[in-house]
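Each chain gets a letter, A, B and so on, in the order its sequence line appears, and its residues count up from 1. Atom set for the values below is all heavy atoms of this structure, side chains included, hydrogens, waters and symmetry mates excluded.
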2 protein chains.
Amino acid sequence: MKKKTEDYRSKCPLSIALELIGDKWSLVIVRDLCMGKSKYGDFQSSPEGIPTNILASRLRELEENGIVTKEPYQDKPTRYAYFLTEKGADLLPVLQQLVVWTQKYVLDCLTPPESFFQVTPQDLLRKR
Amino acid sequence: MKKKTEDYRSKCPLSIALELIGDKWSLVIVRDLCMGKSKYGDFQSSPEGIPTNILASRLRELEENGIVTKEPYQDKPTRYAYFLTEKGADLLPVLQQLVVWTQKYVLDCLTPPESFFQVTPQDLLRKR
DNA sequence: TAATGTCACTTGCAATAAGCAAGTGATTCT
DNA sequence: AGAATCACTTGCTTATTGCAAGTGACATTA
């Protein structure tokens, strides 16, 4: 996990955000987590067809960056379920705005469920 | 410019948005355009130090995707200034949410000018 | 006038990352 | 015992990035 601001190409908050999540896959995983998916196979089965090695490395990076946490959901062999942290859940407004934008400009893309725009980051945090 | 929905890896609006602008540089250019920059050299001089070949190819892609337009600002040799289209200006809420998120979670990143959060997409369209 | 400079790129190439297919290990199911 | 499942990892090919240098059209300076 990057800790020092000096590690970033600039201190601009937009640029830093892009260094952390500015790629074609990270937010797809965050979307799936928002939709309640939590297991490796769940992410793999999304329609975008993320390659398995990329999925593994993105989950690792998201965890390193404090966006995701994992917890064992079974033993022998130990397997982990992934969840959004508060930091990760707070990406929801970003996702929502991206969806609003695409809905406005890209014909024939899917309309997400009404609930997607009503959910708040709080709602996404697993109750412990 | 991608026209058919079938060209995308899925019809999910989030995924499509990421295919269009999900990389480390495109939104940095959009940010610069929001700040009133318009010439090639302006983008080059931003603190992130975008490589010149990437800048040229991103400007081309952004234009192909209808996010920016270019207009000649001089002859001999003809040189172009770049501007946000309405589609591009409507990315502002996305940028704003990304900035809110980074400000909340990344210590020591810069605070954008107050005006950044007050501007609307309309304000970004050049008056003709 | 010749040389130097500026601006907006393009080109070549090495390094990095993405994507595909196959393999692995632990365990359960047949 | 053999086949299947799940969550990965490994190997390898292809695509993208990033760095450095080059190019072309003109303006400026010596």
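Formation of a donor-acceptor pair under 3.5 Å by the B:K24 side chain with backbone atoms of A:L18 is found in this model.
Listed by residue number, the members of residues 72-82 of chain A with any heavy atom below 4.0 angstrom from DNA chain C are A:K76, A:P77, A:R79. Using a 4.0 Å cut-off on heavy atoms, the residues of residues 39-48 of chain A that approach DNA chain D are A:K39, A:Y40, A:G41, listed by number.
With a 6.0 Å radius and a threshold of 12 heavy atoms from other residues, nucleotides or ligands, B:Q74 has its CD atom above the threshold.
For the OP1/OP2 pair of D:dG18 and a distance below 4.0 Å, the side-chain nitrogens and oxygens of B:W25 include at least one atom meeting the criterion. Within the 4.0 Å cut-off from OP1 or OP2 of D:dG18, not a single side-chain nitrogen or oxygen of A:R9 is found.
Residue A:K24 contributes atom NZ, which lies 8 Å from atom P of D:dT17 at whole-angstrom precision. Separating the CZ atom of A:R60 from the C1' atom of C:dA17 is a distance of 14 Å, rounded to the nearest angstrom. The interatomic distance linking A:D23 (CG) with D:dT17 (P) rounds to 11 Å, in whole Å. Residue A:L18 contributes atom CG, which lies 13 Å from atom P of D:dT17 at whole-angstrom precision. Rounded to a whole Å, the CD1 atom of A:I54 is 9 Å from the P atom of C:dC20. Atom CG of B:N53 and atom C1' of C:dA14 are 13 Å apart (whole Å). The CD1 atom of A:I50 sits 10 Å away from the P atom of C:dA18 (whole-angstrom rounding). In this structure, the CD atom of B:E71 is 16 Å from the P atom of C:dA8, given to the nearest Å.
In this structure, B:E19 and A:E48 have side chains that are not in contact, with every pair of non-hydrogen atoms separated by 4.5 Å or more. In this structure, A:W25 and A:P51 have side chains that are in contact, with non-hydrogen atoms separated by less than 4.5 Å. Side-chain contact between A:L20 and B:V106: present, with at least one pair of heavy atoms (C-beta onward) separated by less than 4.5 Å. Looking at heavy atoms from C-beta onward, B:I29 lies in side-chain contact with B:I50 at the 4.5 angstrom threshold. Annotation: side chain of B:Q103 is in contact with side chain of B:P112 (closest heavy-atom distance under 4.5 Å).
Looking at which nucleotide of DNA chain C each of B:T52 and A:G49 is closest to, the 5′-most match is held by B:T52.
Expressed to the nearest 0.5 Å, how far CD of B:Q96 lies from OG1 of B:T120 amounts to 9.0 Å. One finds the CG atom of A:D23 at 4.0 Å from the CZ atom of A:R58 (value rounded to the nearest 0.5 Å).
Which of D:dC19, C:dT10, C:dA22 sits closest to the side chain of B:P51 comes down to D:dC19.
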